[in-house]
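In what follows, chains are A, B, ... by sequence order, proteins preceding strands, each numbered from 1. The structure displayed is predicted, hence computed values, not measured ones.
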Protein chains: 2
Amino acid sequence: MELTAVIVAVTTGEPRILTVDDGKALPSGPFELGHRSLQIGLRSWVERQTHHPLGYLEQLYTFADRDRVQQGGQGRAISISYLALTRENSGSGAHQPQWRGWYRYFPWEDWRSGTPSLIEGAVAPQLRAWTRAAADPAARSERKRRVELAFGFSGQRWNEDLVLQRYELLYEAGLIPEAGHRKAVEPVVPGQPMVHDHRRILATGIARLRAKIKYRPVFFELMPKSFTLLQLQRLVEALAGQRLHKQNFRRLIEQQRLVEETGEVCTDTGGRPAKLVRFRRDVMLEREIAGSKLPLSRSA
Amino acid sequence: MELTAVIVAVTTGEPRILTVDDGKALPSGPFELGHRSLQIGLRSWVERQTHHPLGYLEQLYTFADRDRVQQGGQGRAISISYLALTRENSGSGAHQPQWRGWYRYFPWEDWRSGTPSLIEGAVAPQLRAWTRAAADPAARSERKRRVELAFGFSGQRWNEDLVLQRYELLYEAGLIPEAGHRKAVEPVVPGQPMVHDHRRILATGIARLRAKIKYRPVFFELMPKSFTLLQLQRLVEALAGQRLHKQNFRRLIEQQRLVEETGEVCTDTGGRPAKLVRFRRDVMLEREIAGSKLPLSRSA
DNA sequence: GATGCATATACGCACAGTGAGTATAAGATA
DNA sequence: TATCTTATACTCACTGTGCGTATATGCATC
């Protein structure tokens with residue numbers, strides 16, 4: 001049994017993850033520690049690695065497929081993955097794990113400066129070729145539908161949450177080196193590979209985080225104690241891979257009363273100094289009871 | 001390694017789960033089947049049990065705590081739990097698993113006929129006593145806050161999604177028999193216990209399902225081929241444990257174009273016959289790209 | 001067969017949330 | 001001082017949603 005962790009921090013506007021083996025793997029290992037629960041063991045392990053208190057920890061998924069061969073060969077290898085949010089702290093030393101920007105692994109996921117050029121340059125044509133290569137018309141239209149849905153070709157908006165679906169489509173289409181397709185000259189989509197299914201686990205983590213920030217303000221775990229609203233916006237944009245509307249972002253944060261002013265200002269913003277704010281920890285919990293999208297009946 | 005499944009069906013307006021051991025346990029077992037993935041193995045196993053195709057299957061959570069002692073004593077016992085949606089089919093035979101209404105295990109979760117009486121009768125007073133029994137004022141106010149949040153005392157709306165939080169609070173307060181608190185005469189809250197942590201797994205499943213129906217129409221997996229809108233509403237109400245506003249529910253379903261008319265009507269409704277509708281499978285996939293709650297910037 | 005009952009279906013209205021734009025404030029810098 | 005840059009305030013339109021009223025259409029009953 002093995003744990004794998006997607007440990008996220010955002011530094012200088014870039015979302016990064018903690019990696020080992022020169023960026024080719026996520027930190028993982030057999031965590032047969034003496035702790036009462038996996039969660040607690042993982043938490044202390046991550047805190048030793050990052051020298052930062054771990055704000056948020058969440059289980060992602062458990063893989064236990066037969067392809068995952070266990071060392072020793074008896075039974076299935078089980079891999080439990082976690083998502084953790086923290087802040088980067090340059091742990092020195094040669095054998096320290098390293099922080100890497102996550103868009104290096106998924107360059108097609110960063111839409112902050114508009115549509116990434118590799119979408120039209122590499123992804124779209126190769127996915128279209130894969131679509132055409134389907135065996136029968138039914139499979140072809142099914143592929144077409146999935147591609148259009150996940151990548152927003154044909155007009156739909158790009159949905160930043162579908163990270164995993166997009167990765168799996170590319171994988172299925174043989175455009176991901178990890179798929180290990182036979183053809184030697186197989187063209188692949190840019191993006192650094194990882195060992196085993198680590199890039200898939202990372203995609204799961206990014207997708208989960210992107211979905212989560214919409215209904216729970218977990219992003220505060222990634223911020224310093226005090227910050228400006230623009231810094232917060234840049235962080236959310238970094239995670240979502242999308243530009244946000246500045247005025248509306250402020251309104252959202254303010255009307256939810258997520259922050260309070262510290263009284264100080266930050267003058268190194270270039271223009272008018274911005275007020276520094278801090279996160280109101282107490283609302284984190286209030287937010288929990290938020291809304292439902294069911295048409296509830298209060299009276300009857 | 002063990003799999004545990006929360007298998008849900010809704011019959012005659014009651015959400016039910018497949019149980020074994022006279023309702024005291026969820027179906028589970030060491031699934032060392034020859035299948036490629038756990039998912040596939042579990043799917044075929046459930047389909048054999050229910051004689052129905054399994055519409056929806058989702059991993060819930062993996063427990064691997066030290067308290068869970070493995071038979072044989074080596075290492076942790078790992079338990080992977082799944083949520084499955086299907087339709088009930090009375091499998092005959094004496095040793096067949098049995099369907100049980102899930103509110104038998106969580107009577108405080110059914111608000112369809114107003115606030116359950118056991119909330120004011122048993123839950124609230126005992127939770128208040130537990131709150132008062134905290135060691136210091138800080139712990140007391142923390143308990144108070146958590147209780148008010150989860151159970152909506154002090155004015156907030158009842159949030160039907162917080163099934164797990166409520167169960168864990170009651171557990172922590174010693175009001176759940178499974179907690180195995182020392183005191184022999186410990187008063188407990190009504191609700192049938194289960195073996196091990198099965199009731200906790202069930203709570204996880206209910207919570208996940210209640211959250212899911214808000215942004216993905218999974219409830220169609222639980223319906224027959226054709227149905228009336230009121231039947232669909234009753235099913236959603238059964239899952240959510242809440243009454244819904246009829247006109248708004250219809251509007252919601254219609255404007256999302258989730259169903260189409262079959263042309264037939266159902267006359268055994270009592271009053272004016274209702275049109276029969278069927279689910280439009282194709283929108284299931286469109287729905288995926290739905291909305292984001294981030295203040296996106298489309299132009300800039 | 002007229003009447004009432006029960007359910008289905010249609011429509012209207014108020015209000016909150018949200019996408020998007022314009023305008024003003026306040027510091028830095030040439 | 002003029003200009004640039006960023007911060008902050010305000011407006012407006014549109015949509016989603018909670019909730020109520022009105023109408024349609026079958027059935028049971030007298």
Would a 4.5 Å heavy-atom cut-off, applied to side chains only, mark A/Leu85 and A/Phe219 as touching?
no

Given that A/Thr267 and B/Gln231 both sit by DNA chain C, which one's nearest nucleotide is further toward the 5' end?
B/Gln231

Tell me what A/Leu229 touches on the nucleic acid: a base, only sugar-phosphate, or nothing, going by heavy atoms under 4.0 Å.
nothing

Expressed in angstrom and rounded to an integer, what is the separation of A/Gln247 atom CD from D/dC10 atom C1'?
10 Å

State whether B/Phe153 and B/Arg128 meet the cation-pi test: NZ (Lys) or CZ (Arg) under 6.0 Å from the six-membered ring centroid, and within 45° of the perpendicular axis.
yes

Looking only at the side chain of B/Arg250 (C-beta and beyond, no hydrogens), which of the listed nucleotides C/dT9, D/dG20, D/dA7 gets closest?
C/dT9

Take atom CG of B/Asn248 and atom P of D/dT21, then tell me their distance rounded to the nearest Å.
14 Å

Using whole Å, report how far CZ of B/Arg251 lies from P of D/dT15.
14 Å

To the nearest angstrom, the CD-P distance between A/Gln255 and C/dG19 comes to 11 Å

Of all heavy-atom pairs linking A/Arg208 and A/Gln59, the shortest is NH1-O, 3.2 Å

To the nearest Å, give me how far apart CZ (B/Phe249) and C1' (C/dT7) are.
16 Å

Heavy atoms, side chains only, cut-off 4.5 Å: are A/Phe249 and A/Leu232 in contact?
yes

Starting at CD of B/Glu261 and ending at P of C/dA10, how long is that distance when rounded to a whole Å?
8 Å

Which whole-number value in Å describes the distance from A/Lys275 NZ to C/dG27 P?
11 Å

With a 4.0 Å limit, can you tell me whether A/Arg272 has a side-chain N or O closer than that to the phosphate oxygens OP1/OP2 of C/dA25?
no

C/dT9, C/dA26, C/dA10: which one has an atom nearest the side-chain heavy atoms of B/Glu254?
C/dA10

Round to the nearest Å and state the distance from A/Gln242 atom CD to C/dG19 atom C1'.
14 Å

